[in-house]
2 protein chains.
Amino acid sequence: MQQKLTIGMLSKQSDVKVETIRYYERSGLLPIPTRSASGYRYYDGEDVKRLRFIRRGRSLGFGLEEIRSLLQLADQPQQPCHEADQLVQAHLAEVDAKIRDLQAIRNVLEQLAGCQSQTAAHCRLLEALEERVCCSTR
Amino acid sequence: MQQKLTIGMLSKQSDVKVETIRYYERSGLLPIPTRSASGYRYYDGEDVKRLRFIRRGRSLGFGLEEIRSLLQLADQPQQPCHEADQLVQAHLAEVDAKIRDLQAIRNVLEQLAGCQSQTAAHCRLLEALEERVCCSTR
DNA sequence: CTTGACCCTGTAGTCACTACAGGGTTTAGC
DNA sequence: GCTAAACCCTGTAGTGACTACAGGGTCAAG
């Protein structure tokens with residue numbers, strides 16, 4: 001049951017790079033693993049689970065500190081998950097804000113794209129950045 | 001005409017922090033300014049323009065290297081702006097990709113938000129991260 | 001003449017990795 | 001038994017775009 005995985009195997013099973021795994025260990029997100037006589041790290045199925053948990057959290061855009069909190073919550077199944085929900089709500093609000101920001105940027109860029117000007121002097125983008133008013137605004 | 005601005009005044013007129021101005025100078029985005037006898041940097045109207053150009057570029061999400069290219073293009077008004085348009089198009093594609101990523105994240109978060117579970121053991125978020133299947137999916 | 005607001009340099013910290021350099025270990029094939 | 005490839009180790013430095021000191025010097029007002 002206690003399969004011994006090297007860091008490379010753990011990397012493949014969790015889809016997290018070897019260097020990143022060591023980084024997570026340094027950051028205290030992963031427990032300090034046992035070692036072989038020659039110093040190789042050994043992992044087991046629990047580590048795979050934990051690392052996948054981290055990866056999924058990251059892919060949802062949570063920061064490592066938020067994930068640290070979530071890991072603690074997950075280790076205490078009796079406690080209410082109010083705190084986890086707060087993290088979700090706060091993160092959702094952040095993501096929404098970022099989307100809005102990017103869409104505003106997107107709208108401006110779209111207007112600037114497709115400039116065919118022969119000279120930079122009349123380039124839509126450069127005009128916009130220099131706040132010149134010329135022929136760019138429609 | 002040759003108004004002498006201190007870095008603090010330039011900062012206010014351009015809405016860029018003092019430390020950031022010095023950072024841009026180190027990065028070669030701003031020309032090396034003249035100095036007072038005691039070593040204070042002096043700026044003029046051209047610097048205000050250039051710095052605002054950079055700030056607007058940043059607010060559209062361009063990186064400093066892209067802005068460096070754009071500044072060069074802006075300095076050569078005779079040249080065609082093909083390159084500037086390429087930068088816009090490439091950046092637009094990047095922004096679109098980011099928006100898509102964030103919207104996918106947003107959709108997941110929305111489903112996870114509002115969890116009222118009394119115990120972390122049944123928390124929607126924790127289930128999702130652990131890839132447990134329980135009561136969360138609907 | 002002192003107080004406070006400004007300015008200087010240089011360095012280190014942020015975030016989440018990523019990329020070496022310079023080694024040691026294990027494994028597969030011959 | 002030997003060699004080469006593929007793996008592992010530590011430690012440090014780099015990424016982008018700032019931001020935040022520490023530890024000083026300068027200037028203007030009252």
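Hydrogens, waters and symmetry mates are skipped; everything else that's a heavy atom, side chains included, is used.
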May I have the distance from [X] (atom [atom1]) to [N] (atom [atom2]), rounded to whole angstrom?
| X | N | atom1 | atom2 | answer |
| --- | --- | --- | --- | --- |
| Met9(A) | dT27(C) | CE | P | 9 Å |
| Glu65(A) | dC15(C) | CD | C1' | 10 Å |
| Ile21(A) | dT18(C) | CD1 | P | 12 Å |
| Glu66(B) | dA17(D) | CD | C1' | 13 Å |
| Tyr43(A) | dC8(D) | OH | C1' | 11 Å |

What nucleic acid atoms does Ser27(B) come within less than 4.0 Å of, heavy atoms only: base, sugar-phosphate, or nothing? nothing
Hey, does Tyr24(A) reach any base, or is it just sugar-phosphate, or nothing, if we go heavy atoms under 4.0 Å? sugar-phosphate
Might you confirm whether atom CD of Glu83(A) has over 12 heavy atoms from other residues, nucleotides or ligands at distances under 6.0 Å? no
Using OP1 and OP2 only, check whether a side-chain N or O of [X] sits under 4.0 Å from [N].
| X | N | answer |
| --- | --- | --- |
| Arg41(A) | dC8(D) | no |
| Ser38(B) | dC27(D) | yes |
| Arg22(B) | dT9(C) | no |
| Thr6(A) | dC8(D) | yes |
| Arg26(A) | dC9(D) | no |
| Tyr23(A) | dC15(C) | no |
| Arg35(B) | dT9(C) | yes |

Between Ser14(B) and Leu10(B), is there a donor-acceptor pair closer than 3.5 Å when you use the side chain of the first and the backbone of the second? yes
Using a strict threshold of under 4.0 Å (side-chain N to carboxylate O), is an ion pair present between Arg106(B) and Asp96(A)? yes
Whether Glu130(B) and Arg52(A) form a salt bridge (side-chain N of Lys/Arg under 4.0 Å from carboxylate O of Asp/Glu) is what I want to check. no
Candidates [options] - which lies nearest the side chain of [X]:
| X | options | answer |
| --- | --- | --- |
| Lys17(A) | dC17(C), dT25(C), dT18(C) | dT18(C) |
| Leu64(B) | dT19(D), dC18(D), dG25(D) | dC18(D) |
| Thr20(B) | dC18(D), dC17(C), dT26(D) | dC18(D) |

Side chains of Gln111(A) and Asn107(A), donor plus acceptor under 3.5 Å: no
Would you kindly compare Ala37(B) and Arg58(B) by the position of their nearest DNA chain D nucleotide and give the one closer to the 5′ end? Arg58(B)
